[in-house]
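Residue numbers begin at 1 in each chain, while the letters A, B, ... track the order of the sequences.
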There are 2 protein chains.
Amino acid sequence: MKNLPLDLSESLRKRYLTVRNNGLANVFKVQDEIISSIRAFLKNEGFTEILAPIIGPVTDPGIRGAKQVTIDYYGVPFKVMSSMILYKQMIITALPKVFALSPNIRLEPLETVKTRRHLTEFRQIDLEVAYATCDEVIDLGERMLCQVIADVKAKCCKELGERCKTLTVPKRPFKRYTYKEALEILENMGMKVNYGEEIPWEAEEALSKAHMEPFWITNYPATARSFYYMESEESPGVLKDFDLVYPEGFGEAISGGEREYRYERLVERMRRGGEDPSQYGWYLDMLKAGIPPSAGFGIGVERLTRFICGLENIWDAVPFPKVAGIPSP
Amino acid sequence: MKNLPLDLSESLRKRYLTVRNNGLANVFKVQDEIISSIRAFLKNEGFTEILAPIIGPVTDPGIRGAKQVTIDYYGVPFKVMSSMILYKQMIITALPKVFALSPNIRLEPLETVKTRRHLTEFRQIDLEVAYATCDEVIDLGERMLCQVIADVKAKCCKELGERCKTLTVPKRPFKRYTYKEALEILENMGMKVNYGEEIPWEAEEALSKAHMEPFWITNYPATARSFYYMESEESPGVLKDFDLVYPEGFGEAISGGEREYRYERLVERMRRGGEDPSQYGWYLDMLKAGIPPSAGFGIGVERLTRFICGLENIWDAVPFPKVAGIPSP
């Protein structure tokens, strides 16, 4: 990992000057094409685009060491969304295939500046499909990513510059490792991760650097992820979930899985994970009332832009970047 | 104004049940087509879609009695965006024609529940054009609205139901009143508004009800609006700005205008309006460094959906509605 430029903070605080430089306009044009391509792909698959929540009484607690933002909403504590996952389980009762460009705030630890791929303010294309399985949304995610890369290469080669030559449409199906297999590969690379823990950023980056095509890591242990993923019936403690990892060191692309939708099981999972069910008001009321099973994922828009444009730093993948600890516009 | 249903609060708190009922899925499908149509129109006009800010050190203060939300961002007070207007003036230095689907939070006064057209969480299509005039963006806004209505009628007549018959593409150019003329019409209708004040919601609704086509109100007095609108050189105290008002009682659609971009003039406007320039850090630094003139507007997505679908209540125009004082999902 190279040292960060000493003037990162200054450069971000003066974004009104730096935004004019260094071909950023080309990145934003590519980003527009990325989002347009995803929208066209998903609509063609029968999805409806909905308006994502911005704030609410509860949000995603599974945010790997980042802090949620709490606000005072007419005397009631509300969160700014860290992800709209819980809301996706609501809306699929009205529309079976939905997606949204969702706003997310996560106050990341200060050391995440060094990963070059964490923002405190970011957007996801968040999608959910009623009654779907992991395999179905994994297949959807592969086809979507291939379509986006093909579209961007076809329409934005000028804006991509040199990257247009090295960026290729990946071969499908992508390689799949289980979490357990990923740990074995890491151990062979000299990086020990204890079974049950989240794979740390450095290890994930090392795995990513060892690949030239995107790959999946599936079936994380329940101890490493939040309560809303479905547990395997055959292998208790193992989840029906997945991450997609970009190649070339670009790291995590997608997180998703099948959702737990059964009230009793979910409360049990919350208790096992140390969450207080009384903090999840409407969400648990909804599960008590009954919702269908579903599967879905979120793909970070800025990380996808960073990968496609081949950018070293994620703060070049968004007009108004927010990096941990730096109060920039 | 009819009485609100006694169970509004209950109905919104149990959105996970009510979202499944009453043809809301049709509204969300129309909303998807509305946003798709706007995007297609603007891209055809040469606009780039960018990612809007969610939080930042400063945001739009001109929000008519609503409160901004402040959060603690690594020890620095940040606002959740009430509108991205100040950021639009930044990004046009990199891209001359931009738009975004921008998230907005405004803690509205409790009495706004009665207007049936205020949400505390809403989205705008926010656009800005470097070096443009009011007349140019007014023309753009008219063509955009006509295109959206034509597209929705062509593609969503089934989802619109009865409304498909009464919804018509307006004739262009739309009628234009100056603020002064609007006050005269209101006086003839028995509603006195003092020159220099904002036109109250009830008066605007009455004007809206008296029209069967959308119409513009231009040239508000500087005392009624925020510091970022350009003042007329010929008529000091009068702004180069505009609102679009929907017919049939649906009220305000669009707010926009030419922007003040000159540092000295803007600081003077802030002082005159009772704003403290020291609270506007990066924004004033940016104006000191120099930006081009521009014009633009924001159009509320939920209000446009309410108008097009002919909905009585704005909380039926969004999947996860937030209404003043009600802590719903």
Side-chain angles (χ1 to χ4, degrees), chain A residues 13-17 19-20 24-25 28-29 31-32 35-36 39 43 48-58 69-74 76 78 80 87 90-91 93-95 101 103-105 107 110 120-121 123 282-283 285-286 289 291 301-302 318-320 322 324-329, chain B residues 13-17 19-20 24-25 28-29 31-32 35-36 39 43 48-58 69-74 76 78 80 87 90-91 93-95 101 103-105 107 110 120-121 123 282-283 285-286 289 291 301-302 318-320 322 324-329:
Chain A
R13 284 163 189 257
K14 294 197 172 160
R15 187 61 168 183
Y16 53 89
L17 295 177
V19 76
R20 311 175 190 190
L24 282 181
F28 305 147
K29 283 180 197 166
Q31 186 161 66
D32 183 0
I35 302 172
S36 298
R39 286 192 171 112
K43 290 202 182 170
T48 303
E49 182 172 2
I50 58 152
L51 299 176
I54 307 162
I55 56 174
V58 296
V69 169
T70 303
I71 66 166
D72 177 353
Y73 189 77
Y74 300 93
V76 177
F78 261 39
V80 181
Y87 287 82
M90 187 198 309
I91 192 65
T93 63
L95 295 163
L101 176 64
N104 297 270
I105 300 291
L107 298 187
L110 294 177
T120 57
E121 173 186 281
R123 295 88 190 156
W282 71 262
Y283 180 64
D285 291 342
M286 174 177 80
I291 53 168
V301 174
E302 294 86 352
V318 62
F320 314 112
K322 309 278 189 322
I326 301 174
S328 59
Chain B
R13 285 164 188 256
K14 294 199 171 157
R15 187 60 167 182
Y16 52 90
L17 295 177
V19 76
R20 311 176 190 190
L24 281 180
F28 305 147
K29 285 180 196 164
Q31 186 162 65
D32 183 0
I35 301 173
S36 298
R39 286 193 171 111
K43 292 205 179 165
T48 303
E49 181 171 2
I50 58 152
L51 298 177
I54 307 162
I55 56 174
V58 295
V69 169
T70 303
I71 65 165
D72 177 352
Y73 188 78
Y74 300 93
V76 177
F78 261 39
V80 181
Y87 287 82
M90 185 197 310
I91 192 64
T93 64
L95 295 163
L101 176 64
N104 298 270
I105 300 291
L107 299 188
L110 294 177
T120 57
E121 173 186 280
R123 296 88 191 156
W282 71 262
Y283 180 64
D285 291 342
M286 174 177 78
I291 53 168
V301 174
E302 295 86 351
V318 62
F320 314 111
K322 309 278 189 322
I326 301 174
S328 59

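If you measure heavy-atom distances from A:Tyr87 to chain B, the contacts under 4.5 Å come from both the backbone and the side chain. B:Ile105 touches chain A through its side chain: at least one heavy atom from C-beta onward sits under 4.5 Å away, while N, CA, C and O do not. Of the atoms belonging to B:Phe28, heavy atoms from both backbone and side chain fall under 4.5 Å from chain A. In this structure, no portion of A:Val58 lies under 4.5 Å from any heavy atom of chain B. Interface remark: A:Val19 contributes backbone and side-chain atoms alike to the contact with chain B (heavy atom separation under 4.5 Å). Using a 4.5 Å cut-off between heavy atoms, A:Ala324 touches chain B through backbone and side chain atoms alike. Only the side chain of A:Gln31 comes within contact range of chain B, judged by heavy atoms closer than 4.5 Å. Using a 4.5 Å cut-off between heavy atoms, B:Arg15 contacts chain A through both its backbone and its side chain.
Atoms NZ and CD1, from A:Lys29 and B:Ile50 in turn, are 13.5 Å apart once rounded to the nearest 0.5 Å. Note that the OG1 atom of B:Thr93 and the OH atom of A:Tyr16 stand 11.5 Å from one another [nearest 0.5 Å]. Atom CD of A:Glu121 and atom CZ of B:Phe78 lie 8.5 Å apart (nearest 0.5 Å).
When each of B:Arg39, B:Lys43, B:Glu49 is paired with A:Ser36, the side chain to side chain donor-acceptor pair (under 3.5 Å) condition holds for B:Lys43 and for no other.
Applying the side chain to side chain contact (heavy atoms under 4.5 Å, CB included) rule to A:Ser328 yields the partners A:Leu12, A:Lys322, A:Ile326; only residues at least two apart in sequence or on another chain are considered. Scanning for side chain to side chain contact (heavy atoms under 4.5 Å, CB included) contacts around B:Ala25 gives A:Leu95, with sequence neighbours left out.
Counting heavy-atom pairs closer than 4.5 Å to chain B, the top residue among A:Thr70, A:Leu17, A:Thr48, A:Ile291 is A:Thr48. Counting heavy-atom pairs closer than 4.5 Å to chain B, the top-ranked of the candidates A:Gly56, A:Pro53, A:Ala52 is A:Pro53. Options A:Pro329, A:Pro319, A:Gly325 differ in how many heavy-atom pairs under 4.5 Å they form with chain B, and the most are formed by A:Pro329. Taking A:Ala289, A:Ala94, A:Pro57 one by one and counting their heavy-atom pairs under 4.5 Å with chain B, the maximum is reached by A:Pro57. With chain A as the partner, the residue from B:Leu101, B:Ile91, B:Ile55 showing the most heavy-atom pairs under 4.5 Å is B:Ile55. Comparing A:Leu24, A:Leu107, A:Leu110, A:Val80 by heavy-atom pairs within less than 4.5 Å of chain B, the highest count is held by A:Leu107. The candidate with the highest count of non-hydrogen atom pairs below 4.5 Å against chain B, out of A:Ile54, A:Val76, A:Asn104, is A:Ile54.
Side chains of B:Ile35 and A:Leu51 form a contact here, defined as non-hydrogen atoms less than 4.5 Å apart.
For the 3.5 Å distance criterion, the side chains of A:Tyr74 and B:Thr120 fail to qualify, holding no donor opposite an acceptor.
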Derivation and outcome, salt bridge (charged side-chain N to carboxylate O under 4.0 Å, His left out), residues A:Arg13 and B:Asp285: CA-CA 10 Å; A:Arg13 284 163 189 257; B:Asp285 291 342; over 6 Å; no
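The local environment of NZ in B:Lys14 is sparse, with at most 12 non-hydrogen atoms from other residues, nucleotides or ligands closer than 6.0 Å.
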